[in-house]
Amino acid sequence: MSSCQDEPEDPLLAGVVPAAERRIWLLLDAGRFEEAEAAFDRIPAAPDEAGYAPAVVLVNRALLAARLDRIPRTIQLAAEGWSRLDMESADDASSAHAVGMLGYLLASVGSHDSAVAMGTSAVRLARRCGDPDTLAHCLLREAGTRLAGLIDDPDATRADFTAVQALCEESLSLASPSQTRRRALTASARVLASLDSLEEAESRATRALELSRRTEDYYTLSFANRVLVEVRKRQGRLHEARAFADRAVDAVQRTREYRLFRRFSWQLATLRRELDDPAGEAAALHRMIGAGRTTVRALHEGLGQALEQRHLSMREQRREEAARKAADRDPLTGLLNRRGLEHRATVLFDRAGGTVVPWLVLIDVDHFKDINDRAGHAAGDRTLQEMSRLLRRECRDQDLVCRWAGDEFVVLAVDSRAAGCPPAGAAAAERIRRRVGEHDWRGVLGDSAAGAEVTVSIGVASAAGALPDLVQAADNALYRAKREGRNRIGTAARSAG
């Protein structure tokens, strides 16, 4: 039999976690725990090794710690890894692996629904990043989590198993020869057994057995034997099923996967009872009860609390951020409101210096009261919403666009202009005035008289000063534009600042 040292580098984790930590997985799956523990203790405390994402390194270490019965360390690493993972902007292979590993960890403590959700998210991230080996692995994790739930669900349907088989087949089609492919073979074999495709299930499980023996992969070896248990049971060959069940229990015991050991021992006990072997049944139950009971309970409680706390913390942060954003936005148009503009103006003014000066455009919808009176207040609201879309279209991404009050809008920006040149706001204001006048408003207001004549009056100010000074100057310019007949632009005199 080959040693795990002869196993080719697994593309599943290459470039995702350091080579020393990939090596620990091979040692664990080979049952070489003393070597694995020594290697784990040599891992540097900081996860910030160049080229590796801290979140996935930390979660990977949490899984290693769990296999080594380092329960407090598992909880600490999992919580820290989750805190380093930004789900809002995650879009790379490392993020997909981290989310998938967290799902696996949740499955190991019985949080099935959360684990499935994590698995689905990991697959979505993996598809986005476009790496075949990462996608193969994430598909396998999701398939394994869903399959575990279906096996224990008396209401599971053929369609449920077929959906999991699709995940397995896609994983097989993508996976390079590696641990991922061996496990995908085993998972697909188990689904095929549930779908009564027993010949193909046995063929795939046997192939997985052969590959696992060559690489001392006892984890996959245990599952492959478990598939053959199911095949023989469905064929009515219970004595052969019991022999495979014994091998599955022996193999999984070597991996310290206590959750699986307990499940496989229970299945072995059930088989022995069906074969009228009370002594064998009692022995299997005794092994099951003693297998990591305290460890599993501590992991379940501690990890569950840590992850739940993290979930609550993230939810509260999102709620606070949403409330903050909502307080700065006008609910009708989605633009900044006055409060939001005032908050952001400080940052904008900090960037203004030397020849770079702020400019402000104050826009007022002409005869807006007439629009409300003739077309109705709902049409008036639609007019304001359409006006906000026009302003967004005509302004740059870095410009601040605000619904100031009622039918008044503000555009605030900075631009670099040599001394003596007209402010850039004047050109922007003329562009806005022209677009509003040329816009077909019938889609908003219908064919009413009000719909034919939507125009704006605009005041422009440019000065090195505070926001209230700019608003006041622009307001004075707007007043002049209205007094001179509306649908025009008034420009305030530029201050030297």
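Hydrogens, waters and symmetry mates play no part in the numbers below; they use all other heavy atoms, side chains included.
Expressed to the nearest 0.5 Å, how far CG of L332 lies from CG of D381 amounts to 5.0 Å. Atom-to-atom distance recorded for R431:CZ and I458:CD1 is 10.5 Å, nearest 0.5 angstrom. To the nearest 0.5 Å, atom NZ of residue K482 and atom NE2 of residue H367 are 9.5 Å apart. Rounding to the nearest 0.5 Å gives a distance of 10.5 Å between OG1 of T134 and CG of L139. A distance of 6.0 Å separates CD1 in I43 from CG in L64, rounded to the nearest 0.5 Å. Atom CG of L195 is separated from atom OG1 of T162 by 5.0 Å, given to the nearest 0.5 angstrom.
Among residues two or more places apart in sequence or in another chain, the salt bridge (Lys or Arg N to Asp or Glu O under 4.0 Å) test is passed with R146 by E142. D160 is linked by a salt bridge (Lys or Arg N to Asp or Glu O under 4.0 Å) to nothing, counting only residues two or more places apart in sequence or in another chain. For E169, the salt bridge (Lys or Arg N to Asp or Glu O under 4.0 Å) partners are R204, not counting sequence neighbours. Annotation: side-chain contact (heavy atoms from CB on, under 4.5 Å) contacts of R392 (sequence neighbours excluded): L335, S388, R389. Annotation: salt bridge (Lys or Arg N to Asp or Glu O under 4.0 Å) contacts of D155 (sequence neighbours excluded): none. Looking at residues two or more places apart in sequence or on another chain, you find a side-chain contact (heavy atoms from CB on, under 4.5 Å) between A136 and S171, L174, A175, T180.
Using a 4.0 Å cut-off between charged side-chain N and carboxylate O, E430 and R434 make a salt bridge. Taking the charged nitrogens against the carboxylate oxygens, R183 and D29 do have a contact shorter than 4.0 Å, which makes a salt bridge.
For the pair R181 (side chain) and L172 (backbone), a donor-acceptor distance under 3.5 Å is present. In terms of modelled atom types and a separation under 3.5 Å, the side chain of R403 and the main chain of G406 share a donor-acceptor contact. For R488 (side chain) and R486 (main-chain N/O), a donor-acceptor pair under 3.5 Å exists by modelled atom type.
Residues R435 and H439 have side chains that never bring a donor and an acceptor to within less than 3.5 angstrom of each other. Residues S194 and R190 bring a donor and an acceptor atom of their side chains to less than 3.5 Å of each other. Side-chain atoms of D364 and S457 include no donor-acceptor pair closer than 3.5 Å.
The only option from L360, V471, L336 that meets the side chain to side chain contact (heavy atoms under 4.5 Å, CB included) definition with L412 turns out to be L360.
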